[in-house]
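Naming convention: chains lettered A, B, ... in sequence-line order (proteins, then strands); numbering from 1 in each chain. Hydrogens, waters and symmetry mates play no part in the numbers below; they use all other heavy atoms, side chains included. Small disclaimer: the values here were computed from a predicted structure and weren't measured.
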Amino acid sequence: MTVRTRFAPSPTGLLHIGGVRTALYCWLYARRHGGTFVLRIEDTDRERSTDAAIEVILEGMAWLKLDADEGPFYQTRRYERYREVIGEFLQAGHAYRCYCTRERLEEMRNAQLAAKEKPRYDGRCRHLTEHPTGVPSVVRFKNPETGTVVVDDAVHGKVVFDNRELDDLIIERSDGNPTYNFCVVVDDWDMKITHVIRGDDHLNNTPRQINMLRALGATPPVYAHLPMILGSDGTKLSKRHGAVSVLEYQEEGFLPEALLNYLVRLGWSHGDQEIFSIEEMVAAFDIADVNKAASAFNADKLAWVNQQHLMRADGARLAALLRTQLGALGIDCGSADFVAIVECQRERAKNLKEMAENSRFFFVRPGVYEEKAAKKHLTVEAGALLGTLEAALTGVGDWSAPVLHALLTDLATAAGVTLGKVAQPLRVALAGGAVSPPIDATLAILGREESLVRLGNARRFIAAGSQIGAPGG
RNA sequence: GUCCCCAUCGUCUAGAGGCCUAGGACAUUACCCUUUCAAGGUAGCGACACGGGUUCGAAUCCCGUUGGGGACGCCA
């Protein structure tokens with residue numbers, strides 16, 4: 001049997017972290033077993049489905065490289081097929097028309113709730129022999145009234161449901177459109193899905209779906225219900241928890257493989273390993289190792305995982321991404337050695353947006369010195385050192401990090417001070433603050449001309465008694 | 001309310017009856033390294049929800065309690 005999994009999001013809301021994790025597990029399982037991964041858009045709720053949400057699903061999946069082998073299929077384009085099956089159900093007595101009004105249903109529900117019972121349809125139209133005409137109706141599936149349904153779940157084990165707990169659910173609305181629980185069954189069957197991997201919240205739907213599958217004469221697939229992902233406060237993930245759409249993580253400068261790495265470890269583990277490449281995930285993933293308990297989303301750990309991937313990723317690739325982030329910040333960065341910048345910044349940022357912010361000074365001269373840093377490092381004493389430095393730098397032949405580093409240490413030794421005494425004032429002069437990548441690398445990237453301009457500005461700032469708030473030009 | 005699911009450090013998790021004095025990771029604290037910030041290294045703090053069983057022995061098995069989550073829609 002070749003494995004076929006599917007990811008079936010509904011475009012009634014934007015694709016978020018929870019959906020991505022489900023998609024990842026489906027994709028991983030298919031890849032791991034050389035199977036097929038199908039993407040299906042469940043858009044039968046025409047009121048709430050939006051094109052924007054579909055767009056996010058498609059773009060998000062593309063960004064994450066969770067490529068589908070088949071699809072996207074849209075349920076709204078398969079209505080003919082659903083009607084056909086509903087017709088067959090009606091014919092075979094597996095379904096019936098129900099003429100109960102919404103008002104009656106509502107009253108019944110309230111009464112049941114008041115009587116501390118589980119609200120469910122009472123089956124009034126189930127055995128109707130005469131059918132009213134000119135009255136709107138829905139179609140309900142005739143669920144077995146006795147016996148049990150056993151869901152043999154791949155992560156939860158056997159879960160038993162009593163058919164008496166289930167009622168006759170609506171499979172066709174009064175407007176003639178089919179409903180979710182029914183479409184899923186027909187689609188999973190038609191698309192020959194072998195493993196249904198989805199959120200825990202669908203576990204309760206499963207026995208009804210199995211009953212419909214049986215009515216169809218189909219063999220139920222393997223089910224694997226994944227635990228939910230909760231917000232950082234342990235409650236259900238919602239808009240309140242930031243990042244509504246998965247694409248926001250892209251905008252924030254997260255690497256797709258890092259997001260996936262963080263997500264794969266939420267509910268699954270492989271010994272003590274924390275960092276996985278996509279290939280490693282594919283090789284190690286197994287549903288048998290999936291956890292049963294819900295987990296809370298933790299932004300700190302995501303940030304750490306992202307940094308780990310930032311430290312491992314290809315420099316040229318990162319350079320291109322950094323450029324995009326710089327552009328998003330409105331920084332005009334003509335030509336520069338972006339790879340060199342990435343190399344000295346990758347271990348100093350949690351994400352590419354932060355890296356861009358930290359790298360701003362490479363492209364924009366400091367307009368104002370950070371107050372604390374200027375006060376501490378741009379002293380008269382430092383001014384003298386910077387003067388010596390300026391002269392020395394002017395005469396450097398090979399403007400490279402190792403040469404510059406040697407020059408700096410020699411100068412400090414000659415002046416009888418620690419390297420910090422030279423490096424910190426220089427850092428403030430170049431970067432505008434007390435924080436930057438190693439000073440030799442910073443110098444090398446900035447280049448001789450620009451470095452000397454900034455050095456001169458700092459010296460003038462000191463000479464002016466550090467009274468002016470900003471250096472010239 | 002009814003049904004279903006779940007329960008190890010603050011968080012993610014290892015743990016398939018003796019290997020557990022409960023391991024790793026994030027976060028946090030201290031120290032080391034060091035030209036700043038990081039990264040890295042070392043150490044510290046920190047958990048088997050509770051109560052009963054079963055067993056020579058339980059974080060691991062069973063029952064109950066409590067707590068959390070989900071479902072109960074002409075939503076998916």
Side-chain angles (χ1 to χ4, degrees), chain A residues 8-13 42-45 47-49 75 98 100 102 105 109 112-120 136-140 151 153 155-156 159-162 164-167 169-175 177-181 183-184 199-207 225 227-228 230 232 234-236 262 265-275 291-305 307-308 311 344-350 358 373 377 405 408-409 412 418-424 426-428 431 433-440 442:
Chain A
S10 158
T12 50
E42 312 232 323
D43 53 355
T44 51
D45 184 347
E47 301 281 299
R48 280 176 279 194
S49 293
Q75 292 188 321
C98 169
C100 294
R102 292 177 198 251
L105 262 22
R109 186 190 338 278
Q112 287 165 331
L113 244 19
K116 297 182 189 301
E117 284 170 18
K118 187 175 190 172
R120 45 219 263 266
S137 67
V138 297
V139 176
R140 287 183 185 271
V151 179
D153 194 88
V155 348
H156 291 278
V159 183
V160 183
F161 291 88
D162 195 315
R164 277 168 298 206
E165 291 294 332
L166 277 23
D167 63 356
L169 79 161
I170 292 172
I171 59 178
E172 186 185 280
R173 301 179 172 96
S174 49
D175 64 4
N177 291 322
T179 60
Y180 162 79
N181 266 300
C183 298
V184 170
D200 238 346
D201 48 345
H202 288 287
L203 185 53
N204 283 293
N205 289 327
T206 311
H225 287 96
M228 302 270 88
L230 275 17
S232 50
T235 66
K236 195 180 182 185
Y262 172 71
R265 283 284 290 100
L266 228 47
W268 172 84
S269 60
H270 185 64
D272 284 339
Q273 191 171 349
E274 294 286 352
I275 302 302
N291 258 95
K292 295 178 187 172
S295 47
F297 179 80
N298 185 271
D300 280 336
K301 182 145 185 193
L302 201 215
W304 176 77
V305 172
Q307 182 171 36
Q308 292 299 311
M311 290 193 287
C344 67
Q345 292 285 47
R346 64 200 315 167
E347 63 192 25
R348 279 170 241 277
K350 299 290 190 192
N358 294 345
H377 300 295
H405 182 259
L408 253 24
T409 51
T418 59
L419 182 53
K421 289 286 182 198
V422 183
Q424 281 309 92
L426 177 56
R427 195 183 310 278
V428 178
V435 176
S436 88
I439 201 66
D440 48 0
T442 301

Considering only side-chain heavy atoms of [X], which listed nucleotide, [options], is closest?
X	options	answer
N204(A)	C3(B), U13(B), C74(B)	C3(B)
E42(A)	C26(B), A76(B), U35(B)	A76(B)
E165(A)	C5(B), G24(B), U2(B)	U2(B)
I170(A)	U36(B), G70(B), C74(B)	C74(B)
A293(A)	G1(B), U13(B), A7(B)	A7(B)
M228(A)	C26(B), G69(B), U13(B)	G69(B)
Q307(A)	A39(B), C3(B), A76(B)	A39(B)
K118(A)	U35(B), A76(B), U2(B)	U2(B)
N298(A)	C26(B), U35(B), C74(B)	C26(B)
K301(A)	U35(B), C26(B), U11(B)	C26(B)

Looking at [X] and [N], is any side-chain donor or acceptor paired with a base atom of the opposite kind under 3.5 Å?
X	N	result
S174(A)	C74(B)	yes
D272(A)	G23(B)	yes
E274(A)	G24(B)	yes
N205(A)	A71(B)	no

Minimum heavy-atom separation for [X] and [Y], please, with both atom names.
X	Y	result
Q273(A)	R265(A)	O-NE, 3.4 Å
Y180(A)	T44(A)	N-OG1, 4.1 Å
D153(A)	H225(A)	OD1-ND1, 2.7 Å

Respond yes when some side-chain nitrogen or oxygen of [X] is under 4.0 Å from OP1 or OP2 of [N], and no when none is.
X	N	result
R265(A)	U13(B)	no
H156(A)	C6(B)	yes
S269(A)	A14(B)	yes
T44(A)	A76(B)	yes
S295(A)	U11(B)	no
Q308(A)	G40(B)	yes

For residues [X] and [Y], determine if any side-chain heavy atom of one lies less than 4.5 Å from a side-chain heavy atom of the other.
X	Y	value
L408(A)	L426(A)	yes
S10(A)	R48(A)	no
E274(A)	K301(A)	yes
C98(A)	V139(A)	no
N204(A)	F161(A)	yes

Notebook entry, point to check: Does P437(A) offer a backbone N or O that forms a donor-acceptor pair with the side chain of R427(A) under 3.5 Å?
Noted result: yes
Under 4.0 Å, counting only non-hydrogen atoms across every strand here, what does [X] touch: a base, just sugar-phosphate, or nothing?
X	value
T12(A)	nothing
H405(A)	base
N181(A)	base
P227(A)	nothing
A434(A)	base
I439(A)	base
Y262(A)	nothing
H225(A)	nothing
N358(A)	nothing
P9(A)	nothing
R48(A)	base
G267(A)	sugar-phosphate
V159(A)	sugar-phosphate

Note to self: Does the structure show a Watson-Crick or G-U wobble partner for A7(B), both distances under 3.5 Å? Name it, or say none.
What the structure shows: U66(B)
Distance, [atom1] atom - from [M] to [N], rounded to whole angstrom:
N	M	atom1	value
G68(B)	U29(B)	C1'	31 Å
U8(B)	C48(B)	P	11 Å
C50(B)	A59(B)	P	11 Å
A14(B)	C4(B)	P	26 Å
C61(B)	C37(B)	P	49 Å
G15(B)	C9(B)	C1'	15 Å
A39(B)	C26(B)	C1'	16 Å
G52(B)	A58(B)	C1'	14 Å

Atom [atom1] of [X] to atom [atom2] of [N]: distance rounded to whole Å?
X	N	atom1	atom2	value
K350(A)	C26(B)	NZ	P	10 Å
R140(A)	C74(B)	CZ	C1'	8 Å
H270(A)	G23(B)	NE2	P	21 Å
K116(A)	U2(B)	NZ	P	8 Å
F297(A)	U13(B)	CZ	P	13 Å
D200(A)	C4(B)	CG	P	15 Å

Check: Taking NZ, NE, NH1 and NH2 as the nitrogens, is one of them in R140(A) or E172(A) under 4.0 Å from a carboxylate oxygen of the other?
Finding: no
